[in-house]
Amino acid sequence: MVEKRVDPSETPLLASSSTALSLSAHTDEFSHLPPHEASVLRSQVELKEISTTFFSAFRYASRSDRLWIALAIFLAAAEGSIRAIMPIINGVFAENFTAYIQSRDFYEYFGGYEKFMMFYQYKFFNSDFNMTDSSSSYEYYNSTLPFNDSYYYDSPLYESTYNFTIIPEYISPEDFQKEANFGAIYFIYFAVAEFLFAYLFTFLLIDRGEVLSARIRQKYLASVMRQNIAYFDRLGTGEITTRISSDTMIIQDGISEKLGYLISFLSTFVCSFIIGYALSPRLTAYLTIVAAVIVTAFVFASTRMTKLYGKALNGSSAGGTVVEEIIASIRNVQAFGLQDRLSSGYDKYLSISQRYALRAGFFAGSISGIAWLGLYSADAVAFYFGAPLLRNGDLSILALVTILASMIQGMFAICAITPHVRAVASASSAINKIFTTIDRESAIDSTSDAGKTLSSVEGNIELRNVKFIYPSRPDVVVMNDFNLTIKAGTTVALVGASGSGKSTIVGLVERFYKPVGGEVMLDGVNVDELNLRWLRQQVALVSQEPILFAGTVYENVAYGLIGTKYEYAAEPEKRALVEDACRQANAMIFIDTLPKGLDTHVGERGFLLSGGQKQRVAIARGIVSNPKILLLDEATSALDTKSEGVVQDALDKAAKDRTTIVVAHRLSTVKDADMIVVMKRGVILEKGSHEELIAAKGEYYSLVRAQDVEQSVEQEYEENVEVLDGVEVTDSSVENMLDEKAMKAYENGTGESSTSEDEKETTRLLLSKTKTGRSISSVLATHVQPNSLEDRKYSVGEIARFLFELSYPERNINITALFFTVVMAAGYPYLSTVYSGSVDALGETDEYTMYRRLRVYNITYLIMGAIELICPILAVGLFSYSGQRLVRRIRMRTLRQIVRQDIAFFDETANTAGSLTSAISKDSGAIEGLSGATLGQIIQSFIMIFGGIGVAIGVSWKLALVTSPTIPLLLGAGFYRFFLLAKHQERMKAAYGRSSSYACEAAASIKTVASLTRENDVIDTYGETLMELYKEGRPQNSKSAALYGIAQGIVYLIQSLMFWYGSTLVRTDHYSVYMFFVSIISIVNGSQNGSIVFSYALDMARAYDAAGNVKRLYSREPVIDSWSDEGEMLEDVRGDIEFKDVHFRYPTRLQVPVLRGLNLKVERGQYVALVGASGCGKSTTIGLIERFYNPLSGQILIDGVNISTLNINAYRSHIALVQQEPTLYSGSVRDNVKYGCLEAEVSDERMIEACKQANIHDFIMSLPDGYDTLCGAKGSLFSGGQKQRIAIARALIRNPRVLLLDEATSALDNESEKVVQQALDNAAKGRTTIAIAHRLSTIQRADIIYVFENGRILESGTHQQLLANKLKYYELVKLQALEKN
């Protein structure tokens, strides 16, 4: 992979620590405005940086939480102190061993204690022996002992330097063994204490960590929910998802067991020095100087590491918004083949994150290297200054050995602390990001209790001298000195071109934004003085783009009751209200056909329903509470004509006795309004009733004429008026016409939905045969993808092999890093020989020999210290470099693999945009958590364990062979903990994925959430979900902590065995101090420090689970594969499209038939329109032409060739799609338009021409930055009509052979629609165009119009032919007529 440095200007989401506005970075943005106006705008978007510390994570801890955490910290410190105390016990053993071995060697030199006493008495007390008289006795001693001077001077009795006689105290083997046994029992006591302390502090911190992180998640979401809408104009929902899933997990990691490990190791470090000062202040003072230098370097390196990891985290979080945008608009991405181009935008953020994380990795390595240097320097200093103290009698061997062992423990604690410091440092960085949002004061806070409430609401609304500017576009004045009065109980319609300020009025009434001047009044009271929550509960909003939430139809409609007296009503009463609202909105007719009726799940953002169905549910939600004020922002734009007629009738009834503001482009919906306000660029052009404005023949009249279907239709209406006017259009009659099954049911007098018809259709479909002789059911089975990515489980070996294959490009880097890791880890087993040799040298009777040996060992310590300083820096740094490259590649490949999947994959409830965005961040982050310092520590630990065993076998094989088999017990406990954690992680992943998805959905739909005052409901539901997860995981946390305690306790049991059996070997096999200490340091201390690997069990479990998820995804082959080179490539596409007996059902709803034998033919160059009721299969037809899905049976042909045999990319390159809900991406207008081109480089002239055709060029040029204007997240900085025209330009620049328009002009005003429709008509020449339209004026010139009904073609023909048939199309036209005679 080629590493590229990225210009920060290419990544606008990194303008600050969050993608909301940073005041310091963007102050000049408002500098051209008057101070008051600048202040109003700035308050809505500014994000002040706050100062946080690690302890901020405990802000939401209760008194009991703090007590438990304090107890856990105390226990962690106690557990660490045990490690520091152990050297004292080791020192006592060392002194006892040294004394016994000196005694043993001394007396054995003389043949035993009794013989020595006879010699001693003979040599020094001759008077006690009468050699003349006792010749026999003399002869006995003479025969057994060489009674001469040379024997004495060569014996251990005589020390030549000081010329004094040394006679050690005699220690019998029995007494020595008894003393050793007694000491070994102490190790058992320590093992029990270690288990209890380790288990309790680990469990308590994990347990409280989960509770506190859940509260932080909930508080973060609560803060997000209360923010004003302008804050979200710059904030991507992907960042919210990343923060609430990945960043809070980092915080949880830093305040859970890793905090305990950090405290424990710090306790060991501090207690080691306390013990040292207690035994020898002078020697320990020398060692403290070394420690001070080490700690200073340690703090510097860790501080730099923390800052760099914070910057790396900021980059990956901002990139999450790009990912969420891509996945949320996957149909558009696949239709235009944007997978690679959009993914490259994500890679820019990853490169920034990688660069900072790489530098942080080298600092992490330097922390470890500094600690190792301190360890060896401490040994050198201790022996250099300790030897003279020992000779002078100021220090005993016991004290020296204890101090040295304590220093080794303390320095090893610093070595082991590195990854845990990183976890805490990363948590500190994440805390700042999270709490910056939590502490942000919203300019318009929906949770505030401030403001007054009115005892009654009449509904008089007045906008008085209002000046408004969007905070995200301070250079554009939307309205200036605007005045409008709306009387209570009246219906006022706002019409005009896109961008004229219609939706802005709705936003001001809802208090989504603050005006920079003037007032918005309700019943004579400024809305700024009213309690915001109360205000919004008096208002119901139905938006242009209907937003539903994951849940059932019933739950979505019932959300409209929040804040009313029915919010907590009995279930039957609430259900009755919901059903009534659904009937009024003409929604019950399709709800009755759903599998579970009102209790049917609608999917994330309602994706399982068609646009019209979603809109009707949204309308039902708006009117269910019988609000005082009703705001309809294009409430019927997504409905077909028939549905619109009935829904409009319901809305007209609902508008009675309440104030209603209607924003509409479709003028048929507002002709009965009490007052129609015609707007243009924030100015009122004219206002009055429909008849008054028609009579005036002004701007409104021209809009009406533009939307008239055809003048000749009026004459036909007049000729047939006596027939058509006699038809009473009631709710029930239109419902019957909308749904074939329901109509048959009503004709049969049952009044019930004919579910048996569905069953018959299903049976017939599944039993029919394809041309290959296979049953439809078998074809269906081949198209059903797994429900989720959790089906296959992989062994540890398979995961290891998979990760090895993934990291193969970095093999040379990894091998080099591994070499330095081996050198670094091998130093410890070698240290055991050097250290043991140093201790042994202290026992030299000759001073010169002792100093000579120690000098060699001290030089060795310094050389090893230099090596161990360099090796960790290179090892961890290189592993970090390798790991960052790997993680970057995994993230990119994962994203590319996700966008490669079939559309059916994204229809599954488990694969929402939020959960997939979270998965990319979390899974790669978990794998990253096993790289760098952590991976180096794990490898180092295993080398310590097994290298130590090897050294011990080489020096003292008996002791090593007896104690080494206990090591598997230690490893077994650790790996079983890893196994439990892996299983736990597997279960938690799915659950946390669902909760993250829920939070992301709420944030993405913030306007709807705010208008429904659902904030508390969202927060409470999310909090309940988190608490359920906590309760579910608690038993596993207890088991995991117990296994960690067992693994730590086993170390002391091994020591107990080793000292007991070692003492036996010293007694029976004449083991020396050197042999014993090599074994004890190599095996016991090696296994103790090596067992640190199990503190990473959670990291390993997460990495195992994450790698399994990634491998499952990589192994998933989509049926319709955009990576495939297979398939025929048509060189010259004419554009003939044909459907032959096509049957289709969505894979996620196999029980619901959508297309039932569709036959449809479109010849090259034809303009074909598809019309019909919502949910009849029109959009499905477009999706099948794009080959988003494969039909269950039948064929779809282009130029006579089955599209399933064509190369998918080549095929889609001839097609352009404009969807009902326009999709724009973060970036400039220029980028978004050019995304339609297949070529990488596109001229500006071609782009401008496409924009002119789409009637958007003039608007773009009116913006301060022109084509370089940023669109915001999901195009949030533009109105619906503006976004749609940019989307049309994107389609036209492609110059496609087949143009698909799925309600392409539904969001346009009449003026724009006329121009754009003319452009589309021109663009349709020479190419095949298939358009879905509810507004029939847009398709009257179509060559052929297909009328859909329940997945079949009911009738087809030209506009004139269908009018002549006087069937369904004829009635649709009648209902859409605007003017009456």
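Positions are given from 1 along the sequence. Quick note: numbers below take in every heavy atom, side chains included, and nothing from hydrogens, waters or symmetry partners. The model shown is predicted, which means the values in this text are computed figures rather than measured ones.
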Q: Which atom pair, heavy atoms only, marks the closest approach of Ala1291 to Pro1296?
A: O-CD, 3.7 Å

Q: Can any side-chain N or O of Gln334 pair as donor or acceptor with the backbone N or O of Val899 at less than 3.5 Å?
A: yes

Q: Any idea which heavy atoms bring Val323 and Thr917 closest together, and the distance?
A: CG1-OG1, 3.9 Å

Q: Show the nearest heavy-atom pair for residues Ser329 and Glu325, with the distance to one decimal.
A: OG-O, 2.8 Å

Q: Output yes when a side-chain donor or acceptor of Lys1161 lies under 3.5 Å from a complementary backbone atom of Ile1137, and no otherwise.
A: no

Q: Using the rule given for side-chain contact (heavy atoms from CB on, under 4.5 Å), can you reason through Arg341 versus Leu338, listing the C-alpha separation, both sets of side-chain angles and the distance that settles it, and then say yes or no?
A: CA-CA 5 Å; Arg341 275 188 280 180; Leu338 298 176; 3.6 Å; yes

Q: List the atom of Leu806, the atom of Pro809, and the distance in Å for their closest heavy-atom pair.
A: O-CD, 3.4 Å

Q: Would you say Asn1209's side chain and Ser1122's backbone share a donor-acceptor pair under 3.5 angstrom?
A: yes

Q: Using distance alone, with no hydrogens and no angle criterion, decide if Tyr1146 and Thr1180 have a side-chain donor and acceptor under 3.5 Å apart.
A: yes

Q: Using ring centroids (six-membered ring only for Trp), state whether Tyr1189 and Phe1144 fall under 6.0 Å.
A: yes

Q: When you compare the side chains of Arg1187 and Asn1190, does any donor N or O come within less than 3.5 Å of an acceptor on the partner?
A: yes

Q: side-chain contact (heavy atoms from CB on, under 4.5 Å), that's the test. Do Leu1300 and Val1218 meet it? Break it down for me.
A: CA-CA 6 Å; Leu1300 305 177; Val1218 181; over 6 Å; no

Q: Do Gln354 and Tyr349 have side-chain heavy atoms sitting under 4.5 Å apart?
A: no

Q: Quick one: do Asp347 and Arg891 make a salt bridge, cutoff under 4.0 Å?
A: no

Q: Quick one, Tyr1267 and Thr1269 - any side-chain contact, counting heavy atoms below 4.5 Å?
A: no

Q: Quick one: SG on Cys1237 to CZ on Phe336, what's the gap to the nearest 0.5 Å?
A: 10.0 Å

Q: Tell me whether Asn1207 contacts the main-chain N or O of Ala1210 through its side chain, where contact means a donor paired with an acceptor under 3.5 Å.
A: yes

Q: Quick one: closest heavy-atom pair of Phe1348 and Leu1170, and the distance?
A: CE1-CD2, 3.6 Å

Q: Give a yes or no answer on whether the side chain of Arg888 reaches the backbone of Ser353 with a donor-acceptor pair at less than 3.5 Å.
A: no

Q: Check whether more than 12 heavy atoms from other residues, nucleotides or ligands sit under 6.0 Å from atom CZ of Arg681, and answer yes or no.
A: no

Q: Would you check if the side chain of Ser343 reaches a backbone N or O of Asp340 as a donor-acceptor pair within less than 3.5 Å?
A: no

Q: Less than 4.5 Å apart, any side-chain heavy atom of Val1298 and any of Arg1327?
A: no

Q: Determine whether Phe906 and Ile898 make a side-chain contact, defined as any pair of heavy atoms from C-beta on separated by less than 4.5 Å.
A: yes

Q: Do the non-hydrogen side-chain atoms of Val1168 and Asp1343 ever get within less than 4.5 Å of each other?
A: no

Q: Side chains of Ser543 and Asp633: is there a donor and an acceptor less than 3.5 Å apart?
A: no

Q: Go through the steps for Ile1208 and Ser1124 under the test side-chain contact (heavy atoms from CB on, under 4.5 Å), then give the verdict.
A: CA-CA 8 Å; Ile1208 186 62; Ser1124 174; 5.6 Å; no

Q: What heavy-atom pair brings Gly345 and Val322 nearest, and what distance separates the two atoms?
A: C-CG1, 4.4 Å

Q: Ion pair present between Asp1244 and Arg1230, side-chain N to carboxylate O less than 4.0 angstrom?
A: yes

Q: side-chain contact (heavy atoms from CB on, under 4.5 Å), that's the test. Do Glu1249 and Met1247 meet it? Break it down for me.
A: CA-CA 5 Å; Glu1249 180 60 29; Met1247 173 191 67; over 6 Å; no

Q: With no hydrogens and no angle check, is any side-chain donor or acceptor of Thr1329 less than 3.5 Å from a backbone partner on Tyr1167?
A: no

Q: Could you check whether Arg473 makes a cation-pi contact with Phe1278, meaning its NZ or CZ is under 6.0 Å from the centre of the six-membered ring and within 45° of the ring axis?
A: yes

Q: Looking at CD1 of Ile1198 and OG1 of Thr1205, how far apart are the two atoms once the value is rounded to the nearest 0.5 Å?
A: 10.5 Å

Q: Indicate yes or no for a side-chain donor-acceptor contact from Arg1294 to the backbone of Ile1215 under 3.5 Å, with no hydrogens or angles considered.
A: yes

Q: Closer than 4.0 angstrom, basic N to acidic O: yes or no for Arg893 and Asp923?
A: no

Q: Just to verify, which of Ile1288, Ile1293, Leu1292 counts as forming a side chain to side chain contact (heavy atoms under 4.5 Å, CB included) with Gln1253?
A: Leu1292

Q: Just so I know, are the side chains of Leu1301 and Ile1330 near enough to count as touching, which here means a heavy-atom distance under 4.5 Å?
A: no

Q: Applying side-chain hydrogen bond (donor to acceptor under 3.5 Å, both in side chains), run through Asn332 and Tyr1225 and close with a yes or a no.
A: CA-CA 11 Å; Asn332 197 71; Tyr1225 301 97; 3.2 Å; yes

Q: May I ask you to check whether Gln1282 and Arg1285 show a side-chain donor-acceptor distance below 3.5 Å?
A: no

Q: If I take atom CD1 from residue Ile920 and atom OG1 from residue Thr894, how far apart are they, to the nearest 0.5 angstrom?
A: 6.5 Å

Q: Do Ile1332 and Ile1182 touch side chain to side chain, with heavy atoms closer than 4.5 Å?
A: yes

Q: To the nearest 0.5 Å, how far apart are CD1 in Ile1286 and CZ in Arg1290?
A: 9.0 Å

Q: Roughly how far apart are Arg1212 CZ and Ile1203 CD1, rounded to 0.5 Å?
A: 9.0 Å

Q: Are a donor atom and an acceptor atom from the side chains of Thr1181 and Tyr1346 found within less than 3.5 Å of each other?
A: no

Q: Just checking, any donor-acceptor pair under 3.5 angstrom between side chains of Ser1228 and Asp1268?
A: no

Q: As an exercise, state the distance from CD of Glu1128 to OG of Ser1204, rounded to the nearest 0.5 Å.
A: 11.0 Å

Q: Is any side-chain heavy atom of Leu1130 less than 4.5 Å from a side-chain heavy atom of Tyr1211?
A: no

Q: If only atom types and distance count, is the side chain of Asp1199 paired as donor or acceptor with the main-chain N or O of Val1201 below 3.5 Å?
A: no

Q: In sequence, state the C-alpha distance, the side-chain angles, and the governing distance for Arg331 and Asp902, and then conclude on salt bridge (Lys or Arg N to Asp or Glu O under 4.0 Å).
A: CA-CA 10 Å; Arg331 285 169 173 78; Asp902 298 312; over 6 Å; no

Q: I'd like to know if the side chain of Asn911 reaches the main chain of Phe905, judged simply by a donor and an acceptor atom lying under 3.5 Å from each other, with no hydrogens or angles considered.
A: yes

